[in-house]
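The structure appears below as structure tokens.
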Number of protein chains: 2
Amino acid sequence: MRLFAERGFDTTTVADVAAAAEVSSMTVFRYFPTKEDLVLADDHDPIIVDHIRAQPTDQPMIQRIGTALLESTSAQSPDERAMLLARLRIGLSVPALRSRMWDGQYQTQRYIAEALADEGIDEFELWVAAGACISAATAAIVRWAERGGTEDLAELMAVALRIVIHSSDRSPS
Amino acid sequence: MRLFAERGFDTTTVADVAAAAEVSSMTVFRYFPTKEDLVLADDHDPIIVDHIRAQPTDQPMIQRIGTALLESTSAQSPDERAMLLARLRIGLSVPALRSRMWDGQYQTQRYIAEALADEGIDEFELWVAAGACISAATAAIVRWAERGGTEDLAELMAVALRIVIHSSDRSPS
DNA sequence: TCACATCTGTTAGTGTCTAACACATGGGGC
DNA sequence: GCCCCATGTGTTAGACACTAACAGATGTGA
């Protein structure tokens, strides 16, 4: 991350990273399947799923997902926030990384839909609701990163989720 | 597209495509910046923007975007549908292409937000609304492709958009 | 101390993509 | 008809990401 931030992602080779880590290039590829994974490796999905499962089941589906996303973001430590910002700073400016980030959110969407399956909700409706919430959360995160992390991420995300969810008065299940 | 469908994307080299087109590899890269662009090249964004601009301005923003997406999909010819399905068939199964597809939607989101700027709406709210609609449209398109294109895409998209928009009673601007 | 699994390095190779230069083709002005 | 020039294309050389197969090192348990 230090090398990428200093010299740029595209202009830093895997060999450079390997040398800085005092290992061979092969060793890097053994732990990170691609160069992109050096930046994108994170384990936030299980945390989100935990928060999803902890939501009261008497709420509308879209509300449960949105609240879970908001909670799992609010629970981040300052260190995690700093790491997230560093990742986004590099990731949003490099096309290859940006694409991979969106795909990471697609994976998150799949995890969420999987965690909430078997509740009798229509599969497609669940998928759409998860997509809408993730889209809103992403909008907040991107905006936050573009402003250099100076704004309140949790508040931004709450605003974004409110736009998508607004006064949903539909019943659960 | 034929080669990729027959022999797989990863197992078909650019040299193979170039040979089939009876040109050199260099010529391929001159017209398509990357191998992925051989599959992903499309020009749907301007059409969406046209439909966006054609919406009555007395509707809520999210409604205008959603309707425009639905219209520009409904207006597709059978040939365009077939091409879309072929692209999705290959694209969804190849990680590198899937990632790039998501990034294409990010670009679409930017076009939409740009087309609707200067209307006095809060920039962030506009961005979130566009993201939610695109997310819904994408859910419909992916579902449609996963079912082999047998379902009614316009109807799927209408259902998805209704979930995101539902009975929004907020005023425009 | 030995057998074994795990980790790491080396080598050789494939494939994407770039840069620089040379060649061919075809149309417009003299 | 001939040259000039723009455009399109091919060739070559090369950087870099990534893979596969093999060999050496290291540490752990019996």
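Keep in mind that this is a model prediction, so the values were computed, not measured. Chain A is the first sequence line, chain B the second, and so forth, proteins listed ahead of strands; every chain is numbered from 1.
- A salt bridge is defined here as a Lys NZ or Arg NE, NH1 or NH2 lying under 4.0 Å from an Asp or Glu carboxylate O, and B:Arg2 with B:Glu6 meets this definition.
- Looking at A:Arg100 and B:Asp103, no side-chain N of the basic residue comes within less than 4.0 Å of a carboxylate O on the acidic one, giving no salt bridge.
- Classification of the A:Tyr106-A:Trp127 ring pair by plane angle, with boundaries at 30° and 60°, yields perpendicular.
- In terms of position along DNA chain D, the nucleotide closest to B:Ser24 lies nearer the 5' end than the nucleotide closest to the other residue of the pair A:Thr11 and B:Ser24.
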Q) In the 5'-to-3' direction, what one-character label does each nucleotide of nucleotides 11-26 of chain C receive under the scheme B = base within less than 4.0 Å of a protein heavy atom, S = sugar-phosphate only, - = no such atom? A) ----SSBBB-------
Q) So B:Val49 and B:Asp45, side chain to side chain contact (heavy atoms under 4.5 Å, CB included) or not? Walk me through it. A) CA-CA 6 Å; B:Val49 168; B:Asp45 283 352; 5.5 Å; no
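- We find that A:Glu80 and A:Arg87 are not joined by a salt bridge, their nearest charged nitrogen and carboxylate oxygen being 4.0 Å or further apart.
- Rounded to whole Å, the distance from CZ on B:Phe32 to P on D:dG8 is 14 Å.
- The side chain of A:Tyr31 contributes no N or O atom lying less than 4.0 Å from OP1 or OP2 of C:dC7.
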